[in-house]
Amino acid sequence: MIQFDAKTRTFYLQTPKTSYIFQVYREDVLLGLYYGKRIAPQDVSFFYQNVERGFSPMMAGYDMEHPLSLDTMTLEYPTFGLSDTRAPAFHAVYPDGSRITDLRYSTHRILKGKPICKGLPQLLAQTEDAETLEVVLKDKRGLVEVTLRYTVYSDMDVISRSVSVKSTAKDPISLQKVASLNLDLPECDFDLLQLHGAWGRERNLEVTHLTHASHVIESRRGASSHQSCPFLALKRPDAGEDWGDVYGFTFIYSGNFAIQADVDQYDMTRLQVGINPFDFSWKLEPGDTFEAPEALMVFSDEGLGGMSRNFHHACRHHLGKSKYRDQKKPIILNSWEAAYFDFDEARIIGIIESAKDLGIDIFVMDDGWFGARNSDKTSLGDWTVNSAKLPGGLKPVIDACHKNGMKFGIWFEPEMVSPDSDLYRAHPDWCLHVPGVDHCTSRNQLILDLSRADVVDYLEQTVGDILAQNDIAYVKWDMNRNMTNVGSVAFEPERQGEIRHRYMLGLYDLMERLTTRFPDVLFEGCSGGGGRLDFGILYYMPQFWTSDDSDAIARLKIQYGTSMFVPASAMVGHVSACPNHQIGRTTPLKTRADVASFCNFGYELDPARFSAEEREAVKAQIERQRRMEPLVLDGDFYRLRNPFTGNDAAWMLVSPDKSEAVALFVQVLAVANAPFTRLRLRGLDPDATYQIEELGFSAGGDALMHGGIPIEARPGDFRSVTFTLRRI
Ligand code: DGJ
């Protein structure tokens, strides 16, 4: 998978269908040579043209007759201050106040498997599945040593990259920027696809053509956020869903990130992924090492679909240790939209009893069960049972779940504190804040300072106590505001630029401790819906509440956009009541279930309100979901119709052996005298015959993919149809 040609000093990283090639070039500079469709290892140094260009400074010792300028090279890991004037991947301030780094190749090694980087989320691999290349670069002045790490996997076209920085200076240095990935591509004719959003409408597709400028997709909110997403694709303008060249990038990190695509004067594109350098600095003591989180890159010549399936594979098979990553997920009934804060023991037990015999696996008591929490104004941080609402504690509720054939799950928002809480009164200095500056609240809450070890210890203990003392099968881990007032009284002034990243390290430590201590608990991530849905959180928590907007039609876009890099197995979708609580729309129960069924499935309503007919429909939906679960867990996802560009949406899941598949088609608004339309399926075995359950006939995989299934015109808005295929 990884070879080094000592003669040409060239590294060849081969995945099943892609190649990544770079070289130790003259002056021991790392020169990027190729990333794309797999080619045989060969000397491709002719790709680089070393020519003199006006206003591109020369490296020391070179001149116009004998040119060598970093400014015109495709570089592997550019630094600041010498002959490359583009965005550096690395920027530091040294003890003498200088900011120039001159990294040159020193050594490398190729390892079987993938070393673990403690304290950060990352892809994992068995020794026989992967190979890792570590290239050590040393600063010419001896101030810093940078190790570039690349892992290739035998089962996917994903390359993971990370960077560690060791200070070899005599006094502390200050890191200003450490990109985890730099990729210089020798061309710029790309469309940039990003996912932007807001609370309740996450991950909308937006495509723009790259221009000669800097394009930065970033978060400054202390979370990967609803507004932007640590994902970006560069596709050739003619690339589509199923064909054409696409590069995809994501970052295994949940805090401030920046993914930047810059086009330079020579039509080359520099792509970087890393911690957002905005408001970031890190004081590195002599001999200490800073680890930049892992970034992933994919190349696919099978369009956006091929790119997505590679990210999905990485998430499903290499991300995280939760045993639930590889298991069919339980079907959930969540109390939030059923009762909000307005419940007591009798009401909660009433909801549980009304769910009896529906087939639900876990009942989840959402927000409102602790402290004096009757609204969002109070009690975050006081993780003791609200005795006014639940005088008998959790036990009667848990017993009621068991009596009615369900397990019990519970909601926490561990990272937060309400100013009106015992925790805040006891420890006002435990929140992120700068003394003397007014607090900004959001949803009436402040953020605990997880950069502090004592706060992390407290949270492990209090959340851990509830989990240890009660029979709890599931935790929904919520996070309902973004960062302001970032500062920590636990750290000295010159370390204040570290707090956002130290917070993430504290959060990951807390998640690591709790998920390791409670391996049987299924942890679900949430942040006001999908406000922190990234590969960092998915490392610890294998599923995420995709959006607070539970409306099935709004979810078409949200799930479609999210699927660009997140698999169905990591999304959570629930059937909620109508009119929908977020947008007031009424959609058929079938459509609600059909859309949610392409996620980890559940309900978010009061089953007591079902009619007898609806109860039967729900039982049938749950039975159907049981059959679909293996596909949600492990199916390959194909997007068929784009809801951002048309009146309908369609997608499908195909089992890895292609013996089973389920497709969904939703027509958003009714159309009079509708035109004929056929849904062309994807991913099937062209030589196999499939029985289509809903249509009662069979057809060849080739006919279904190239001819398609005619979609019957149906009256009414928001109609869905599914097609369940079995190879015969
Ligand atoms: C935001 C979440 O996204 C909702 O599902 C719910 O858990 C509320 N928080 C509770 O406050």
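Everything numeric in this text was worked out from a predicted model, so none of it was measured. Each residue takes its place number in the sequence, starting with 1. Order of appearance sets the numbers: ligands from 1, and atoms from 1 within every ligand.
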Next item on the list: Could you point out which residue of Ser225, Ser527, Ser254 forms a side-chain hydrogen bond (donor to acceptor under 3.5 Å, both in side chains) with Asp534?
Entry: Ser254

Notebook entry, point to check: With respect to Ser550, which candidate in Glu337, Arg555, Glu604 satisfies the side-chain hydrogen bond (donor to acceptor under 3.5 Å, both in side chains) definition?
Noted result: Glu337

Are any of the N or O atoms of [X] closer than 3.5 Å to those of ligand 1?
X: Arg443; value: yes
X: Cys526; value: no
X: Asp367; value: yes

Nearest protein heavy-atom contact for [atom]: which residue, which atom, what distance?
atom: atom 4 (C) of ligand 1; value: Asp548 OD1, 3.4 Å
atom: atom 5 (O) of ligand 1; value: Lys476 NZ, 2.7 Å
atom: atom 7 (O) of ligand 1; value: Asp366 OD1, 2.6 Å

Distance under 4.0 Å to a non-hydrogen atom of [X]: what atoms of ligand 1 satisfy this?
X: Trp336; result: 4 (C), 5 (O), 6 (C), 8 (C), 10 (C), 11 (O)
X: Trp545; result: 3 (O), 5 (O)
X: Gly528; result: 1 (C), 3 (O)

Check: Between Lys389 and Phe343, is NZ or CZ placed under 6.0 angstrom from the six-membered ring centre and within 45° of the ring axis?
Finding: yes

Notebook entry, point to check: Looking at Trp430, is Arg425 sitting on its ring face, NZ or CZ under 6.0 Å from the six-membered ring centre and within 45 degrees of the normal?
Noted result: no

Notebook entry, point to check: Between Trp411 and Tyr474, does the ring centre distance come in under 6.0 Å?
Noted result: no

Margin query: Is the distance between the ring centroids of Phe257 and Phe251 under 6.0 Å?
Written below: no

Item checked: ligand 1 contact on Asp376 by region, counting heavy-atom pairs under 4.0 Å -> neither

Next item on the list: Tell me yes or no: between the side chains of Glu415 and Tyr503, is some donor less than 3.5 Å from an acceptor?
Entry: yes

Next item on the list: Name the option, out of Thr546, Leu380, Asp549, Asp478, that contains the heavy atom nearest to atom 9 (N) of ligand 1.
Entry: Asp478

Notebook entry, point to check: Is the backbone of Leu304 close enough, under 3.5 Å, to the side chain of Arg639 for a donor and an acceptor to pair up by distance?
Noted result: yes

